[in-house]
Peer 1: 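Take this structure first; my questions come after.
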Amino acid sequence: MADGDETAARGTGDGGPVATAVALTVATGAMDAISFLALGGVFTSVMTANLSLLGISAGAQDPGRARDSAVAVAGFIVGALLSARIVRGGRPVRRTRWALGVEVLALGGLWAGWATAGGHPGGGLRLGLLAVASLAMGGQSGLVRATGPPGMSTTYLTGTLTGLLVDMARDGRVRWVSVALLAALVAGAALGGLLVTHAAPVAPALPTVLVALVLLVSFVPPARGAQGSLWPHTGWPSR
């Protein structure tokens, strides 16, 4: 492993991977709130909902909603493909950092464009920001899918909720990690909604700063004996 990869992400140990996933999930919730309230009434991470909106808008002959849904889906696809391409190959820690860096750059660009419009983008700028936001969330989704524990997601949590309920009903188990991620999504959406409503010009700061912090913390040396990855499977509690 190269020298740069010997310093693993701080998503290691007992609580590190959970903290990493929670931070990314809060960012997701905030970004979804921002996009839903101010970028066309669509989502940047939940493509099932956007595909449904695309079909609904076609049936209802609503070209504006169809366009917004299509832009969100297209941006997400590009982001997921780009992220998966970046993390492909050797030096996984370094590649993970590169993928996170791309997401931070996308969110930073979104924030800059958003700020120029005073937090109220319109027209072509709104569509462009929607595409960038969806690209960022697609990148995060692709990164977590490629490098995270099986079944873990920080963007699309319907499966997380379903798994939580099935385990509770079948075995009486409560997966507290799943509870934490679901709560993080709600909290992020609530914070994003508050920012759009009361401090619109700085609303994108929340997801941008959270993802940037995950990237920065990944450079902190792990505890002795920890594995060199953002979230080693051994550090991901099952309950």
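This structure is a prediction, so every number in the text was calculated from the model and none was measured.
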Peer 1: Going only through I, L, V, M, F, W and Y residues with side-chain contacts under 4.5 Å, is there a path from Phe36 to Met31?
Peer 2: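 Yes, it is one cluster - the side chains of Phe36 and Met31 are joined through contacts under 4.5 Å.
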Peer 1: Please walk me through it: do Leu54 and Arg65 pass side-chain contact (heavy atoms from CB on, under 4.5 Å)?
Peer 2: CA-CA 7 Å; Leu54 186 60; Arg65 181 59 57 86; over 6 Å; no
Peer 1: Where is the tightest heavy-atom contact between Ala133 and Leu110, given as atom of each residue plus distance?
Peer 2: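 Result for this residue pair: CB-CD2, 4.1 Å.
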Peer 1: Under a single-linkage definition using a 4.5 Å side-chain heavy-atom cutoff for Ile, Leu, Val, Met, Phe, Trp and Tyr, are Met168 and Val179 assigned to the same hydrophobic cluster?
Peer 2: yes
Peer 1: Compare every heavy atom of Gly90 with every heavy atom of Arg95, then report the nearest pair and how far apart it is.
Peer 2: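 Scanning both residues, the minimum pair turns out to be NE-O, 2.6 Å.
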Peer 1: Is a side-chain donor or acceptor of Arg126 paired with a backbone partner of Leu39 at a separation under 3.5 angstrom?
Peer 2: yes
Peer 1: Looking at Ser218 and Leu215, would you say the former's side chain and the latter's main chain have a donor-acceptor pair under 3.5 Å?
Peer 2: yes
Peer 1: Determine the minimum heavy-atom distance between Ala99 and Ile86, stating which atoms define it.
Peer 2: N-CG2, 3.8 Å
Peer 1: Same cluster or not: Leu135 versus Leu24, using hydrophobic residues (I, L, V, M, F, W, Y) connected whenever any side-chain heavy atoms lie under 4.5 Å apart?
Peer 2: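 Hydrophobic grouping puts Leu135 apart from Leu24.
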Peer 1: Hey, any chance Trp111 and Val26 share a hydrophobic cluster, counting ILVMFWY side chains that come within less than 4.5 Å of each other, even indirectly?
Peer 2: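 Different clusters.
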Peer 1: List the atom of Pro201, the atom of Pro204, and the distance in Å for their closest heavy-atom pair.
Peer 2: O-CD, 4.3 Å
Peer 1: Under 3.5 Å, side chain of Asp32 to main-chain N/O of Ser45, donor-acceptor pair present?
Peer 2: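 Answer holds: yes.
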Peer 1: Hydrophobic clustering (ILVMFWY, side-chain heavy atoms < 4.5 Å, transitive) - are Val78 and Leu127 grouped together?
Peer 2: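 No, because Leu127 and Val78 fall into different hydrophobic clusters, even though each may have its own neighbours under 4.5 Å.
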Peer 1: Of all the heavy-atom pairs spanning Val73 and Met47, show the shortest one and how long it is.
Peer 2: CA-SD, 3.6 Å
